[in-house]
Structures are given as structure tokens and as C-alpha cells.
Amino acid sequence: MKKLTLFALFFSFIIGSNTLSAQSSDPNTAFKKHLNKIVQNVEQADDAETKRTILDNSLTDLTNAVEKVEKIGAISEEDKTALIAFKSSIQEKKDELNGLNGFNRVKDGQLNNYANYILQDFEQADKTVTFSVTTLLLIVIILILI
Amino acid sequence: MYSRLLHFIGVCFLLAGCSSLNKATHLKEDYSSKTVDYSIIYIIHGDSNYLFHKDGERHQADDEVLKEAFSVAAGATRGEVFIYHQKPERRAFFFFPKKDRVFYHFKRGQLISKGNYSPFDGGLSKEISLFEKNVSSSSKRTFLAYFGHEIPLKKGTGYHQSDRGEPFNVSVFISGLKNAHKNFDLISLSVCNGGNPFLVDELTSITKYLVTSPQNLHLSHLSSFKFNLLDTNSAIPSKNLADSIAQDSFEKLASFVKTEITIATYSMKEVAKYSYSLSELYKQSIQKSSKDELIGDNLDCMDIQNYSSVLQNSGVTSYYRSSLFGRNSDKKTHLGWGCKL
């Protein structure tokens, strides 16, 4: 009788449950919100030096988060390859910000536009980034903890 | 007691199973017999992450397109507009689809029917089937606008977030469209990297004109407001309509996008003269890759030596602005073809 009751309760739970999309809390959403926050901080900063520091520090934090995830042994080979490409993309943006590696330094008056360029570049890169949800989740968690 | 419980469970399954039928509400029965000059189909993919930010505000790309579709539909007083919103599909008892996708049928600017449905497969066959059942016999021209993420070239699992095992790729996409009883006058394909040789060649037998993006496209999508030109002139040449859609989309994106903007229109009769050989060469490159899926943005095929012998742009009109930053910020032109390798 007890087993039957538990069985019935289990089925009642299944009847009532919905497999709703968890889009509001998925790592893609969290990552995009994080990038948007950086843009807001840059735009609200009073002077070019502060804007540039926010951008530079944010890109460094992103690189550090990626490197921490790279050291985790459970990452798939595909994700490792994708992480290398992602890190390279971040580095290129840092280089352009600071006028390194053949880039002209982003001008002071263009820093807001540059922040939006970074946001748009990552948001539109189909499905944001190219590695698995689990890996992206790890990056997001580390970014939040920094 | 056992038999009563089993009976109860059986009824629950039966009720959940009944959700396999479409649910529709007919709102204006007297409009059903009215004639129309043209039909527009909107298929809006929403079963993935479509969040983007603009001016600090959050936007859901598929919801934004839905609003735009409603606006176009309300203004289509000489036509009919079918809208299919591919929302994430929930399941009862992990098996039975709950019909979360939504359809709307507007006729002469009025909503005449709306309801819920479930897909047949990972592609568009259900949407095309619903369209074929309800399209007005008086409609002389059909236009399709698809909005979604990049259509994968190879495997395509994971395209639908709520059904990651169901593949959606170029082959599945094309096979769904081929169920339409006649060719499209124009397809507006609002996806990243849509202007690639493989996909464009497949579409040459399905549509007379195509508008799409050869490379990455901002999540705010191509604009579709120019479909309302059909109302001022239902005989507007499809080429003119394609160019208007492309130009309008380009101007919208150029007003705020800082990344590269690539939009192209394809006159398929002209493109078909060389697209097969270009596509075969492109497919060879794709198949050489051992990866299940090819990821990352396309490049301008013109910048890849492999295609120079067969690459042309006859029949292709390109709307291009380089990125404001990055390595390609000094690029001046784009041929209108995007290639990964």
C-alpha cells in the first residue's frame, strides 16, 4: 500500500511538472548580462582613463576565467580548442584597446563604441560562444566569483 | 484499487496524448472566403538563446520579430500573413509534446485564426503543412521570412534547446520547404552565414529571390517592414522587394551595430548558372573537416584562394559595411558569398 501511494504521488508530480525552458537562468544569458554590465559601467564612467581601465580589467578577468577553466581536467578536447580560440579573440580585443600587435590604439572618444562592439561581437557569435554549456557555466561562475 | 489506479494513469496518458492534435481558435469566420493577392509566411525560431542588449536594454529577438510580424500583418490589407512562432516545446510525462508553438493567420489585416501546434520534426515541415492547408486559393504570390540562428551545414543537433537530439541542418531545412506546392517569389533568410554556397545553391530551385547575410548577423535580425510594399503595389517585382528589404535592413543595422554588416540579395535564375559548381567545391571543403559541426563566422569567399576559379557575383547585390573595429575594419567591399573554409 505504501509503495502504491509513493508510486501514485510520483505520477502526480510528473503530471503536474512542466519541462520549461530555463533560458532566464542559462549560462548564455548570464554571460550576455555580464558583458552588458561592463558596457554600462564603461558608458557611465566620467573620463576616458576610467573607461579604458574598466575595459582592460574586464578583458583580463575574462581571460583569467578562461584559463582557470582550461586547467580543469574534465573539459572535452573540443571545448579546449574552442577555449583557445575564445582566449585569442579576447586577447585581440585587449591588444586593440591598448594599441598593441599591429593595432591602432582605440581613441578616447571611441571607448563607448568599442565596449558596444565587444558586446555585439560576443552576442551575435552564433549561440554566443562555441563551447558546451557546462564549460560556459564554469566561466560564468568564475567571473561572478572574481 | 490497483485497477482504479491504472485506469487513472491511463486516462492521464490519453489526455496528454490528445495534445498531438492542433488547437485552433477561429476568430473571423466571415473572412475565410475573402480573396487575397499574396501570402507571407513568417517562421520565427525561438527555441534557443536569442537575448541581445541594445542601449543597455534586454531584447528577445524572436519576440521583437513577432511584434514586427503583427505590424506587417495588420497592414497587409490585400494579402494574408501566416506567423509561426517556434517556441520551446515542453513535454508531458517526458514524451507527449504540449503544443507550445503558436500560429496566427491574418487575412486582409485581420486576425482570423490562432492556435497551438507541435512540430513533425526538427525542420519546417509542420509549418509548411499548416500553410498549405490554409492558404487562400486566390493568392498569386508567396513570400517566406525565416528568423533564427545559423542553419548548420552538417549535423545540426542542439539547434532546438528543448529537443537537442532533433537535427536541424541545411538538408532538413530544404526538405521542409520543398513540401510547399509552389516556389516562393522571395525568401528573406534572417540567419547568420546564410549566404554560403551550399545553402544558396539548394535554394535556387525553391525561390526566385533570396535576401540573407553571408556572415554574422546581429540578433536584431533583418527588417521585414518592407513587405508592406505589397499592399501599395501587389505586382511589385520581387527583385525590387528584395532590394528594399536588404536596404531597409542595412540602414537599421548601420544605425547602431558596430560589428561587420553583410547583407546580400540573390537573383536565383542568374546565380543558378554557377552556384552548383561553387557549392560542390564548398561541400568538399566542409566534408574534409572531421568535426561534427563547423563553427565560427564565415569569411568573404573572395578572400579564400580555394574558390577563386569558380567564384562570381553575377546576380548578387551586396550591402556591406566593415566593422568599426578589429582586423577587417579597413575592408571596403564584400562579394556577397560567405565561406567557412
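Just so it is clear, the model here is predicted, and its values are computed rather than measured. Each chain gets a letter, A, B and so on, in the order the sequences are listed, and its residues count up from 1. Excluded from the calculations below are hydrogen atoms, water molecules and symmetry mates; all remaining heavy atoms, backbone and side chain alike, are included.
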Select one option (side chain, backbone, both, neither) describing which atoms of B:Val191 are under 4.5 Å from chain A's heavy atoms.
->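 Neither part; nothing is under 4.5 Å.
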Identify which part of B:Ser323 has an atom lying under 4.5 Å from any heavy atom of chain A, answering side chain, backbone, both or neither.
->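 Only the side chain of B:Ser323 comes within 4.5 Å of chain A.
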Taking every non-hydrogen atom, the tightest pair across B:Asp55 and A:Gln40 =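 Shortest heavy-atom contact: C-NE2, 4.5 Å.
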Taking A:Gln124 for the side chain and B:Asn216 for the main chain, is one N or O donor matched with an acceptor at less than 3.5 Å?
->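 Side chain of A:Gln124 to backbone of B:Asn216, a donor-acceptor pair under 3.5 Å: no, none is there.
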N/O donor-acceptor pair under 3.5 Å between A:Gln120 side chain and B:Lys258 backbone =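 Checking the backbone N and O of B:Lys258 against the side chain of A:Gln120, a donor-acceptor pair under 3.5 Å is found.
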Would you call the rings of B:Phe325 and A:Tyr117 parallel, tilted or perpendicular if under 30° counts as parallel and over 60° as perpendicular?
->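 Because their plane-to-plane angle lies in the 30° to 60° range, the rings of B:Phe325 and A:Tyr117 count as tilted.
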Between CD on residue A:Glu123 and OG on residue B:Ser220, distance to nearest 0.5 Å =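 Separation between the atoms: 10.5 Å.
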Atom NE2 in B:His218, atom CG in A:Asp121: separation rounded to 0.5 Å?
->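 The distance works out to 10.5 Å.
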Count the heavy atoms of every other residue, nucleotide or ligand shown that sit under 6.0 Å from [atom1] of [X], and state whether that count exceeds 12.
{"X": "A:Lys94", "atom1": "NZ", "value": "yes"}
{"X": "A:Glu49", "atom1": "CD", "value": "no"}
{"X": "A:Lys80", "atom1": "NZ", "value": "yes"}

Using a heavy-atom cutoff of under 4.5 Å, enumerate the residues of residues 97-106 of chain A that contact chain B, numbered in order, or state 'none'.
->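 The list, in residue order, reads A:Asn101, A:Gly102, A:Phe103, A:Val106.
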Side chains of A:Lys33 and B:Arg58: does their closest heavy-atom pair fall under 4.5 Å?
->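 In contact.
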Going by distance alone, is a donor N or O of one side chain under 3.5 Å from an acceptor N or O of the other, for B:Asn49 and A:Lys32?
->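 Looking only at side-chain atoms, A:Lys32 and B:Asn49 do form a donor-acceptor pair, the distance falling under 3.5 Å.
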What part of A:Gln110 lies closer than 4.5 angstrom to a heavy atom of chain B: side chain, backbone, both or neither?
->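 Both parts, heavy atoms under 4.5 Å.
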ring-ring contact (aromatic ring centres under 6.0 Å, His included) against B:His53, all qualifying residues, sequence neighbours excluded =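 B:His53: no ring-ring contact (aromatic ring centres under 6.0 Å, His included) contacts found.
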